[in-house]
Asker: 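So that we are looking at the same thing, I have put the structure below in structure tokens.
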Amino acid sequence: MPLDIVVGAQYGDEGKGKITDTLAEDASAIVRFQGGNNAGHTLVVEGVTYKLHLIPSGIIRKGMWCLLGNGVVLDPRVFRKELEGLHAQNISTDYLRISWNAHLIMPYHVQLDHIEEEGRSSKDSIGTTRRGIGPCYSDKTARTGIRIQDLFDLDRFAKRVGTALDHHRPRLKEATPSVEEVVEEYRDHREMLLPYVEDISPRIWKLLSEDKLVIGEGAQGALLDLDHGMYPFVTSSNCLPATAALGCGVPPQAIRKIWAVCKAYPTRIDTVGPFPSAMPMGEGIEQVLIDRGGEFGTTTGRRRRAGWMDAVALRYAVQVAGITDLVITKIDVMGDLPLEITTQYSIDGEVTDQYPTRLDHLYKALPINEEHPSFSGDLTKARSWEELPKNARGYLERISSLAGVPLRMVGVGQSRDQIIPVGRNND
Ligand code: IMP
């Protein structure tokens, strides 16, 4: 029963979409199990760019089941746009299905996300994507959420919307929409969504029982996990692979491999939260990485911050995520730059190689870095491990050995053929 999971090992934006797409070659289905349109995937196939936020990246492969599990939160406005975009690019959505247990992002969730984020001081800001993700998951746990299946009966839907609006009125105040307005809008969404909805789990059970490969496509990254990330600077769902079983309704034993994707230099969105291996923002190498790497959010357009490869955080991710196979992307961006890896932190003068799960310690953590010789040349044309410069290989091997996980693929660019397989030689 092979369910292989692809997760981010850092703070999101590691290039998971491309890796999912590569692994999809042998798969029958791709399933998203958490998050919503706070994620963003860019795929370049045969010179054509596809930007996706919600729909799994397998959609551009003919006959590939693309599934959205119950753990996902779905904004119908965004879904509609994405569908239209795909259809305009002649991509079929016949194999797309959505769990009717997935929660709907409602217009008031987006309003609440704005109100909450704007109400936070700059120090406490979480820098959310303002897509309504947090308020939607809050409603889910408060049992005031609206599931797709509530659309089957519009009277019941209206009642549930009324209850949710009563709950949120004190914060929405005069911006509270009327039940009628919401129902009117969702009547249209209903027509668009219904052809795609079903109970997803039996479809996945069937594929797994036929020994077909299913890929779970994680969104965000290990350090943004609601429980094990740097709370409160995290997303509002669990994004570690253990969530995959719950988020698409399959037994945890189905999980076989856990592919972790990490970027050759980590980035973190915005200026919020601790980032121990951060480089000084806007200066020298950091700015070069941002410019060369195009480090602006696919979803929000915001500038990211860049840092040195952080092996302390990566080892922690390996532990909490159960990573079995490592992929490092964007090594091409680091040509002719100094290479450093954070191997330990100093916290109040104490040196540790353990990632601190106390936020106050994380804020105080100072990186202790080891230096590696830089490499030059255009790596984007390399198509095999041997074609990579020796110093680039040395850097990558060191990361893999510090993580304690074999390196399986290296990314040297945006397109499909720029993913280099790495043999089993460095197991
Ligand atoms: P939310 O997921 O919109 O609630 O945002 C919570 C935090 O997670 C913010 O710091 C976001 O910038 C971050 N975040 C959410 N999704 C992503 C992602 O796909 N990549 C990187 N950061 C993300």
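Just follow the structure's listing: the first ligand is 1, and inside any ligand the first atom is 1.
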Asker: Throw together a table of side-chain donor-acceptor distances under 3.5 angstrom for residues 218-229, partners on residues two or more places apart or in other chains.
Answerer:
unit_1 : atom_1 : unit_2 : atom_2 : d
Gln220 : OE1    : Gln34  : NE2    : 3.2
Gln220 : NE2    : Asn38  : OD1    : 3.2
Asp225 : OD1    : Asn238 : ND2    : 3.2
Asp225 : OD1    : Cys239 : N      : 2.7
Asp225 : OD1    : Leu240 : N      : 3.2
Asp225 : OD2    : Asp227 : N      : 2.9
Asp225 : OD2    : His228 : N      : 2.8
Asp225 : OD2    : Asn238 : ND2    : 3.1
Asp227 : OD1    : Asn238 : ND2    : 3.0

Asker: Tell me whether Ala219 reaches ligand 1 (any heavy atom closer than 4.0 angstrom to a ligand atom).
Answerer: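 Ala219: no contact with ligand 1 (<4.0 Å).
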Asker: Please could you name the atoms of ligand 1 that Arg302 approaches to less than 4.0 Å, counting only its heavy atoms?
Answerer: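 Listed by number with element: 12 (O).
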Asker: What do we get for Asn38 next to ligand 1 when only non-hydrogen atoms under 4.0 Å count, side chain, backbone, both or neither?
Answerer: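 For Asn38, backbone and side-chain atoms both sit under 4.0 Å from ligand 1.
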Asker: May I ask which of Thr235, Val73, Thr267, Ile269 has a heavy atom nearer to atom 8 (O) of ligand 1 than the others do?
Answerer: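 When every heavy atom of Thr235, Val73, Thr267, Ile269 is considered, Thr235 comes closest to atom 8 (O) of ligand 1.
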Asker: Are Tyr11 and Phe275 near enough that their ring centres are under 6.0 Å apart?
Answerer: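 Ring centres of Phe275 and Tyr11 closer than 6.0 Å.
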Asker: Tell me the nearest of Gln220, Arg304, Met230 to atom 15 (C) of ligand 1, using heavy-atom distances.
Answerer: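 Selected option, by shortest heavy-atom distance: Gln220.
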Asker: Say whether Arg130, considering both its backbone and side-chain N or O atoms, lies within less than 3.5 Å of an N or O atom on ligand 1.
Answerer: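 N/O-N/O distance below 3.5 Å does not exist for this pair.
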Asker: Strictly under 4.0 Å, does any heavy atom of Phe233 approach an atom of ligand 1?
Answerer: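 No, Phe233 has no heavy atoms under 4.0 Å from ligand 1.
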Asker: Would you call the rings of His372 and Tyr395 parallel, tilted or perpendicular if under 30° counts as parallel and over 60° as perpendicular?
Answerer: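 Because their plane-to-plane angle is over 60°, the rings of His372 and Tyr395 count as perpendicular.
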Asker: Tyr11 heavy atoms, cut-off 4.0 Å: which ligand 1 atoms fall inside?
Answerer: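 With Tyr11 as reference, the close atoms of ligand 1 come out as 21 (C), 22 (N).
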Asker: Which of the numbered atoms in ligand 1 are under 4.0 angstrom from any heavy atom belonging to Ala39?
Answerer: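 Contacts of ligand 1 toward Ala39, numbered from 1: 19 (O).
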Asker: Scan residues 95-108 for pairs that pass side chain to side chain donor-acceptor pair (under 3.5 Å), counting only residues two or more places apart or in two chains.
Answerer: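 Output for this query lists Asn101-Arg147, Asn101-Gln149.
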Asker: Between Glu295 and Lys263, is the closest basic N to carboxylate O distance under 4.0 Å?
Answerer: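 Salt bridge flag = yes for Glu295 with Lys263.
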Asker: Below a 4.0 angstrom heavy-atom separation, can you tell me which part of Val234, side chain or backbone, both or neither, approaches ligand 1?
Answerer: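 Backbone only.
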Asker: Under 3.5 Å, is there a donor-acceptor pair between the side chain of Glu82 and the main chain of Val78?
Answerer: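 A pair under 3.5 Å: no.
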